[in-house]
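The figures here come from the full heavy-atom set of this structure, side chains too, leaving out hydrogens, waters and symmetry mates.
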Amino acid sequence: MIAIKPLAAAVAACAWCLEKDALHQHPGRMRVWRDSDAMFVATATMAEKVKVTFRIPCGPGETWVALVDAASASRLAKALRTLAGAKKNGHTTIEIERTERSLILVGGGQRLSVPACAPMIEMAAPDTGGAVCMVE
């Protein structure tokens with residue numbers, strides 16, 4: 001379980017970064033990974049002028065890594081914005097599960113599926129350099 005609002009903000013920032021990349025003719029990717037006690041959402045422009053990484057605390061769970069393409073990141077940002085703004089049902093958290101070919105998000109009475117692929121071996125480990133934004 002993870003808070004919807006910080007996740008929505010992180011995904012929106014990454015989607016914006018991918019959409020505004022001057023080298024957008026190259027396929028951009030958003031990396032999402034789950035550590036023991038946090039979810040990370042990160043991307044960089046192809047020229048690496050802008051790199052963003054968000055760390056969002058969450059409950060303990062299984063560790064995994066997934067890559068989401070730029071178009072799917074934009075669709076996910078729009079869907080999360082809608083979920084984050086809907087307070088009628090009082091849902092403030094969302095569950096995220098990694099399957100073989102997608103990320104499944106369940107919350108607020110909705111189920112979202114976003115295509116995702118496994119990263120290549122050299123991209124699997126989280127980048128330790130650069131700035132990390134702590135979202136709580």
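A distance of 11.0 Å separates CZ in R81 from CG in L76, rounded to the nearest 0.5 Å. Taken from CZ in R29 to CG in L67, the straight-line distance is 6.5 Å, to the nearest 0.5 Å.
Among pairs with a residue in residues 58-69, those fulfilling side-chain hydrogen bond (donor to acceptor under 3.5 Å, both in side chains) read D69-S72, at least two apart in sequence or across chains. Sequence neighbours left out, the pairs with a member in residues 100-111 that pass side-chain hydrogen bond (donor to acceptor under 3.5 Å, both in side chains) are T99-S102.
Through direct or relayed side-chain contacts under 4.5 Å between Ile, Leu, Val, Met, Phe, Trp and Tyr, I104 connects to V106.
Side-chain contact between V11 and M30 is present, with heavy atoms from C-beta onward closer than 4.5 Å. Residues R98 and L103 meet the side-chain proximity criterion, which asks for heavy atoms closer than 4.5 Å.
Across every non-hydrogen atom of L18 and A70, the tightest pair is CD1-CA, 3.8 Å. Heavy-atom minimum distance, A77 versus A15: CB-CB, 4.1 Å. Here the shortest heavy-atom pairing between I2 and P57 reads CG1-O, 4.2 Å. Minimum interatomic distance between P115 and V68 (heavy atoms only, all atoms of both residues): O-CG1, 4.0 Å.
Scored by the salt bridge (Lys or Arg N to Asp or Glu O under 4.0 Å) test, D35 finds no partners at all (sequence neighbours excluded). Residues passing the side-chain contact (heavy atoms from CB on, under 4.5 Å) test with A8 are L80, A84, sequence neighbours excluded. Here A42 pairs with W33, T53 under the side-chain contact (heavy atoms from CB on, under 4.5 Å) rule; sequence neighbours left out.
Considering L7, V32, V114, L112 in turn, L7 is the only one that fulfils the side-chain contact (heavy atoms from CB on, under 4.5 Å) rule with I96.
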